[in-house]
Structure formats: structure tokens, C-alpha cells
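Reviewing the structure listed below.
Side chains included, hydrogens not; waters and symmetry mates left out as well; all remaining heavy atoms used.
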Amino acid sequence: MAFPDIVLDIRTRMPALRGRLLANQPLADLTWFRVGGPAQALFMPESELDLAYFLAHLPAGVPVTVIGLGSNLIVRDGGVPGAVIRLG
């Protein structure tokens with residue numbers, strides 16, 4: 001399953017973004033159980049300021065899911081719509 005690519009629109013709105021922003025990135029690679037579908041947009045901030053900038057400029061209608069290192073996380077095969085922020 002692949003979601004529509006929203007990364008280009010996000011990058012256009014946030015020219016100063018420094019962290020990694022990836023479209024349709026498999027979350028199975030980031031979970032302890034190695035299962036789950038893609039994140040529509042996966043963001044890994046470079047710093048706290050980068051995270052604050054991302055959240056301040058993200059369009060209001062985009063859902064946000066925050067994950068840590070994935071040790072207590074199971075992602076459904078259908079993936080996660082919107083922006084997934086990986087901290088850690």
C-alpha cells in the first residue's frame with residue numbers, strides 16, 4: 001500500500017527544514033517486531049528547534065503520530081496516514 005505523496009508539499013512549505021523527511025517509508029524497519037506498513041510521511045527531526053518548526057508549519061489537516069524507538073509499537077499493515085515523527 002502506498003499513500004499519496006505529501007512530502008513535496010511539506011518541503012515547499014518548510015524550506016528551512018533540516019531533518020529527514022521521507023515519503024511512504026516502511027515502518028516495519030523501525031519496530032522491534034519488524035511488522036507494519038508505511039508512514040505517509042516520516043520525519044526524523046535534527047533538533048528540538050527543527051521539530052518545533054515542522055509542527056508550526058505543518059498544514060492543520062495533516063494527522064500527526066509520534067513514535068519513539070519502536071520497542072513497544074505494532075503498526076498495522078495499512079500503514080499510518082499523515083506525518084509520523086520519529087524521536088529518539
Side-chain angles (χ1 to χ4, degrees):
M1 151 138 213
F3 292 105
D5 187 354
I6 61 172
V7 169
L8 182 60
D9 180 51
I10 292 172
R11 286 185 199 272
T12 302
R13 293 172 181 264
M14 303 179 200
L17 198 64
R18 296 187 333 244
R20 293 181 63 197
L21 182 62
L22 307 168
N24 286 299
Q25 184 68 29
L27 292 175
D29 298 341
L30 304 178
T31 67
W32 191 76
F33 288 110
R34 302 287 182 218
V35 297
Q40 186 171 11
L42 176 64
F43 178 57
M44 293 170 276
E46 188 174 289
S47 65
E48 289 178 23
L49 290 175
D50 197 35
L51 174 60
Y53 176 78
F54 179 79
L55 292 172
H57 292 86
L58 191 67
V62 177
V64 174
T65 302
V66 180
I67 64 172
L69 297 177
S71 61
N72 293 317
L73 178 66
I74 297 175
V75 178
R76 66 186 196 95
D77 289 338
V80 181
V84 175
I85 300 171
R86 183 172 191 225
L87 302 176

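Between I10 and F43, the closest side-chain pair of non-hydrogen atoms is not below 4.5 Å. With contacts defined as side-chain heavy-atom distances shorter than 4.5 Å, the pair V7/L22 does not qualify. In this structure, the side chains of M44 and L42 come closer than 4.5 Å at one or more pairs of heavy atoms. Side chains of L87 and L51 form a contact here, defined as non-hydrogen atoms less than 4.5 Å apart.
Criterion: ILVMFWY side-chain heavy atoms under 4.5 Å apart, direct or through other members. Under it, W32 and V35 are part of a common hydrophobic cluster. No chain of hydrophobic side-chain contacts below 4.5 Å, direct or via other Ile, Leu, Val, Met, Phe, Trp or Tyr residues, connects V64 to L30. Residues M14 and L21 share a hydrophobic cluster, clusters being chains of Ile/Leu/Val/Met/Phe/Trp/Tyr side chains in contact below 4.5 Å. Hydrophobic clustering (ILVMFWY, side-chain heavy atoms < 4.5 Å, transitive): V62 and V84 are in distinct clusters.
Under a 3.5 Å cut-off, the side chain of R18 and the backbone N or O of L49 do not form any donor-acceptor pair. Counting only distance, with no hydrogens or angles, the side chain of R20 and the backbone of P45 share no donor-acceptor pair below 3.5 Å. Within the 3.5 Å criterion, the main-chain N or O of G82 finds a donor-acceptor partner in the side chain of Q40. Proximity of a side-chain donor or acceptor of D77 to a complementary backbone N or O of G37 within less than 3.5 Å is not detected.
When L55, L58, T65 are each tested for a side-chain contact (heavy atoms from CB on, under 4.5 Å) with I85, only one passes: L55.
The structure places CG of D5 at 6.5 Å from CG of N24, a figure rounded to the nearest 0.5 Å.
For G36 against A28, the heavy-atom pair with the smallest separation is O-CB, 3.5 Å. In terms of heavy-atom proximity, F54 sits nearest to A83 at CZ-CB, 3.9 Å.
Within a 6.0 Å sphere centred on CG of D29, other residues, nucleotides and ligands contribute more than 12 heavy atoms.
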